[in-house]
Amino acid sequence: MIPDGYSVRPLALSDAAALAAAYDRNRDHLAPWDPVRPSDFYTVDGQQEAVARQLSLVEGGLLATWVLVHGDEVVGRVSLNNIVRGVLASATVGYWVDGRHTRRGLASALVEHACVEALAMGLHRVEAGTMLHNVASQKVLLRAGFTHYGMAAKLLFIAGDWQDHNLYQRILHDNPL
Ligand SMILES: CC(C)(COP(=O)(O)OP(=O)(O)OC[C@H]1O[C@@H](n2cnc3c(N)ncnc32)[C@H](O)[C@@H]1OP(=O)(O)O)[C@@H](O)C(=O)NCCC(=O)NCCS
């Protein structure tokens, strides 16, 4: 459940300014876990372009993405990326929480929210990868019912290098396709 004072809603084009501010406030907090961002990523125009791109993926059924809101600020995000239908019926969850709002259960609530939505979309499985030393993120996943199933060497280009990742998954149901 989302803690009092916070709400989660689907990403909208009107979030661009609040997102630019959130990413700017959280540069140092997110830098170890994110790709290196171009400078326009932190501008309203840059976010308007990024959000428009993401909303076209949402329209195509490849992405579902939400913002975590506190007052008039965006203080986190959760997304179901790489939505695949058919016999895989899976998506990859990604998330972050503003550095001033951590350790109050928000990421756990966001991941739970994404899993509830994934189930409602008819997906069978949600997966996630964390860098090997991202203990906080690993705790979030274990707390949300994910299990560790392996390690992928050099999986993602994060913070300027190909990084090994621990792999997690949560099976949402056992119903036939
Ligand atoms: C990782 C992150 C999402 C955690 O967000 P959060 O809202 O603080 O997480 P929660 O409050 O739901 O905490 C879940 C668990 O992680 C633990 N935790 C949170 N931050 C921690 C930290 N820095 N070190 C150790 N444990 C931590 C909590 O104590 C809790 O453990 P518990 O279940 O034993 O009580 C947040 O720190 C963040 O955005 N980090 C940068 C981006 C990132 O790593 N994204 C994920 C990429 S895979």
Side-chain angles (χ1 to χ4, degrees), residues 1-11 15 18-38 41-42 46-47 50-51 54 57 63-71 73-84 90-118 123 125-172:
M1 205 164 86
I2 303 294
D4 284 350
Y6 296 88
S7 59
V8 176
R9 57 168 175 71
L11 176 70
D15 291 322
L19 272 173
Y23 286 121
D24 191 39
R25 275 197 315 273
N26 284 281
R27 278 179 195 243
D28 292 347
H29 174 56
L30 297 178
W33 322 109
D34 269 359
V36 176
R37 306 294 192 182
F41 182 80
Y42 301 97
Q47 279 306 309
V51 171
Q54 289 158 26
L57 292 175
L63 170 72
T65 183
W66 298 268
V67 288
L68 175 68
V69 176
H70 178 73
E73 288 186 339
V74 168
V75 294
R77 283 192 71 172
V78 65
S79 302
L80 290 167
N81 299 296
N82 309 319
I83 296 173
V84 178
S90 187
T92 307
V93 69
Y95 46 87
W96 59 266
V97 168
D98 188 308
R100 297 169 313 165
H101 294 262
T102 53
R103 307 203 82 148
R104 52 190 88 170
L106 288 164
S108 303
L110 288 176
V111 171
E112 185 56 32
H113 174 83
C115 288
V116 167
E117 295 285 337
L123 297 180
R125 168 182 178 269
V126 176
E127 65 173 26
T130 75
M131 280 164 65
L132 303 190
H133 61 294
N134 196 345
V135 176
S137 186
Q138 288 159 18
K139 281 196 185 172
V140 168
L141 292 169
L142 293 174
R143 192 173 169 174
F146 283 68
T147 53
H148 178 238
Y149 70 93
M151 196 278 278
K154 301 186 183 293
L155 179 70
L156 297 178
F157 196 72
I158 299 288
D161 217 342
W162 292 102
Q163 306 281 355
D164 299 345
H165 277 69
N166 275 326
L167 304 177
Y168 294 81
Q169 68 174 1
R170 176 170 158 186
I171 302 298
L172 301 173

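Every number for a ligand or one of its atoms is a count from 1 in the order of the listing.
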So is V140 polar-close to ligand 1, meaning N/O to N/O under 3.5 Å? no
Once you round to the nearest 0.5 Å, how far does CE of M1 lie from NE2 of H113? 14.0 Å
Measuring from L11:CG to R77:CZ, what's the distance to the nearest 0.5 Å? 5.0 Å
Tell me, please: is G99 in heavy-atom contact with ligand 1, that is, under 4.0 Å? no
Which residue supplies the protein heavy atom nearest to atom 36 (C) of ligand 1, what is that atom called, and how far is it? T102 CG2, 4.0 Å
Relative to ligand 1, is W96 under 4.0 angstrom through side chain, backbone, both or neither, heavy atoms considered? both
Which atoms of ligand 1 sit under 4.0 Å from any heavy atom of G129? 48 (S)
Around atom 39 (O) of ligand 1, find the nearest protein heavy atom and jot down its residue, atom name and distance. V97 N, 2.8 Å
With nothing but distance in play, are any N or O atoms of Y95 less than 3.5 Å from an N or O of ligand 1? yes
Please check whether S137 reaches ligand 1 - meaning an N/O of the residue sits under 3.5 Å from an N/O of the ligand, judged on distance alone. no
Just how far is it from atom CD1 of I2 to atom CG of L68, taken to the nearest 0.5 Å? 6.5 Å
Decide yes or no for R143 and S108: does some side-chain heavy atom of the first lie under 4.5 Å from some side-chain heavy atom of the second? yes
With nothing but distance in play, are any N or O atoms of A107 less than 3.5 Å from an N or O of ligand 1? yes
Judged by atom type as modelled, is there a donor-acceptor pair below 3.5 Å linking the side chain of Q163 to the main-chain atoms of T130? no
Is it the side chain, the backbone, both or neither of R143 that has a heavy atom closer than 4.0 Å to ligand 1? side chain
Here the gap from D15 atom CG to R9 atom CZ, rounded to the nearest 0.5 Å, amounts to 4.0 Å
So, regarding R103 and ligand 1 (criterion: nitrogen or oxygen to nitrogen or oxygen, under 3.5 Å), is there a contact or not? yes
So for ligand 1, is H101 a polar contact partner (N or O within less than 3.5 Å, distance only)? no
Going by the angle between their ring planes, with limits at 30° and 60°, are H148 and Y168 parallel, tilted or perpendicular? tilted
Out of L132, N134, I158, which residue meets the side-chain contact (heavy atoms from CB on, under 4.5 Å) rule with H165? I158
Counting non-hydrogen protein atoms only, what is the nearest one to atom 34 (O) of ligand 1? Give residue, atom name and distance. K139 CD, 4.1 Å
If I apply the N/O under 3.5 Å rule, does T130 come out as touching ligand 1? no
Look at atom 44 (O) of ligand 1 and say which protein heavy atom is nearest, naming residue and atom and giving the distance to 0.1 Å. N134 ND2, 2.8 Å
Calculate, to the nearest 0.5 Å, the distance between atoms OG1 and CG belonging to T147 and L167 respectively. 11.0 Å
Students often mix this up, so state it plainly: with edges at 30° and 60°, are the rings of H101 and H70 parallel, tilted or perpendicular? perpendicular
Is ligand 1 under 4.0 Å from a heavy atom in the side chain of D34, in the backbone, in both, or in neither? neither
Has ligand 1 got any nitrogen or oxygen that is less than 3.5 angstrom from a nitrogen or oxygen of L30? no
